S.K.: 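Handing you this structure, nothing more for now.
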Amino acid sequence: MKQAVTHQAEYGHGDTTYQAAGGQVGIRKLVDCFFDFMANDAKYSVIYDWHPQDKEVSRDKLALFLCGWMGGPRPFVEKYGQIRIPQAHRHLTITAVERDLWLDCMSRALNVQDYPPDLVKYLQQQLYIPAERVRKVCMGE
Ligand code: HEM
């Protein structure tokens, strides 16, 4: 218990989150699981079908973006250029329902990684922040 608290306090500083998530290899694995769950469970079909046909590009984009988002290097910017996450979604109708589908799918992917429970909890909490920003921009709030 004491150790879990100590770890959680470290995430978010420097590249500790990125390293704990397994660097680019670990994050790609996470994103592959996320997209596999989204593709194979009909409850996510609304958000899955919004993605462009080439899901390999979508997987690559999310994985590379999350590297920088977790405090690691920023391969997304190098490969695809600057991005503002909320604005990149503004053409979509993301309400609380679609936001929660995305977060639920990501939670499932996080839970099957070989991650310590406090990292899973930390990432679930932190991902809510950009997901909610996305919803707000989509809803014009
Ligand atoms: C709130 C729920 C979310 C939904 C339903 C959602 C869904 C989508 C969809 C459908 C696309 C493809 C858009 C297109 O090419 O037309 C996309 C792109 C993307 N999403 Fe999300 N997303 C959500 C939240 C997030 C969050 C929280 C992040 C990052 C932490 C993220 C990162 C990305 C990235 C990096 C792209 C590629 C953007 C681009 O190519 O310009 N998304 N998302």
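Every number for a ligand or one of its atoms is a count from 1 in the order of the listing. The chain is numbered in sequence order, starting from 1. Here the structure is a predicted model, which means the values were calculated and not measured.
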S.K.: Among all protein heavy atoms, pick the one closest to atom 9 (C) of ligand 1 and tell me residue, atom and distance.
M.R.: His51 NE2, 3.3 Å
S.K.: Pick whichever of Arg84, Lys61, Lys55 has a heavy atom sitting closest to atom 40 (O) of ligand 1.
M.R.: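 Nearest option to atom 40 (O) of ligand 1, by heavy atoms: Lys61.
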S.K.: Run the ring-centre check on Phe34 versus Trp102 and record whether the distance is less than 6.0 Å.
M.R.: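 Yes: the rings meet the under 6.0 Å criterion.
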S.K.: Listing residue and atom name, which protein N/O/S atoms are closer to atom 21 (Fe) of ligand 1 than 2.8 Å?
M.R.: His89 NE2
S.K.: For atom 29 (C) of ligand 1, which candidate among Phe76, Tyr48, Phe65, Tyr80 provides the closest heavy atom?
M.R.: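 Selected option, by shortest heavy-atom distance: Phe65.
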S.K.: May I ask you to decide whether Arg108 forms a salt bridge with Asp41, counting only side-chain N to carboxylate O separations under 4.0 Å?
M.R.: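 Yes, Arg108 and Asp41 are salt-bridged.
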S.K.: For a quick test of reading the model, state the closest non-hydrogen atom pair linking Leu62 to Met106 and the distance between them.
M.R.: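 What the structure gives for the nearest pair is CD2-CE, 4.2 Å.
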S.K.: So that I know where these two stand, are Phe76 and Tyr80 an aromatic pair - ring centroids less than 6.0 Å apart?
M.R.: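 Judged by ring-centre distance (under 6.0 Å), Phe76 and Tyr80 do meet the cut-off.
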S.K.: At a 4.0 Å threshold, what atoms of ligand 1 neighbour a non-hydrogen atom of Leu92?
M.R.: 9 (C), 10 (C)
S.K.: Among Arg99, His89, Arg133, which residue meets the side-chain contact (heavy atoms from CB on, under 4.5 Å) test with Cys138?
M.R.: His89
S.K.: What are the atoms of ligand 1, with element, lying closer than 4.0 Å to any heavy atom of Pro52?
M.R.: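 It comes down to these atoms of ligand 1: 12 (C), 15 (O).
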S.K.: To which protein heavy atom is atom 38 (C) of ligand 1 closest, and what is the distance rounded to 0.1 Å?
M.R.: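 Nearest protein contact, heavy atoms only, for atom 38 (C) of ligand 1 is Ile83 CD1, 3.6 Å.
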S.K.: Ignoring hydrogens and geometry beyond distance, is a side-chain donor-acceptor pair present between Gln124 and Ser107 at under 3.5 Å?
M.R.: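 There is such a pair between these side chains.
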S.K.: Show me which atoms of ligand 1 lie under 4.0 Å from any heavy atom of Ala131.
M.R.: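 What qualifies from ligand 1 is 1 (C), 27 (C).
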S.K.: Can you tell me how far apart CG (Asp49) and CE (Met38) are? Round to the nearest 0.5 Å.
M.R.: 10.0 Å
S.K.: Taking Asp36 first and then Lys55, would you say they form a salt bridge - that is, a charged N and a carboxylate O separated by under 4.0 Å?
M.R.: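 Salt bridge absent between Asp36 and Lys55.
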S.K.: Taking 4.0 angstrom as the limit and counting only heavy atoms of His91, give me the atoms of ligand 1 inside it, by number and element.
M.R.: 13 (C), 14 (C), 16 (O)
S.K.: Within a distance of under 4.0 Å, is there any protein heavy atom near atom 12 (C) of ligand 1?
M.R.: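 Protein heavy atom within 4.0 Å of atom 12 (C) of ligand 1: present.
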S.K.: For the residue pair Asp15 and Gly71, what are the closest heavy atoms and their distance?
M.R.: CB-O, 3.2 Å
S.K.: Numbering the atoms of ligand 1 from 1, which are under 4.0 Å from a heavy atom of Arg99?
M.R.: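 It comes down to these atoms of ligand 1: 1 (C), 2 (C).
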S.K.: For residues Gln19 and Thr16, is any side-chain donor paired with an opposing acceptor at under 3.5 Å?
M.R.: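 No pair is found: no donor N or O on one side chain lies under 3.5 Å from an acceptor on the other.
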S.K.: To which protein heavy atom is atom 10 (C) of ligand 1 closest, and what is the distance rounded to 0.1 Å?
M.R.: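 For atom 10 (C) of ligand 1, the nearest protein heavy atom is Trp50 CB, 3.4 Å.
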S.K.: Of the non-hydrogen atoms in Tyr44 and Leu101, which two are nearest, and what is the gap between them?
M.R.: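 In terms of heavy atoms, the two residues are closest at CE2-O, 3.5 Å.
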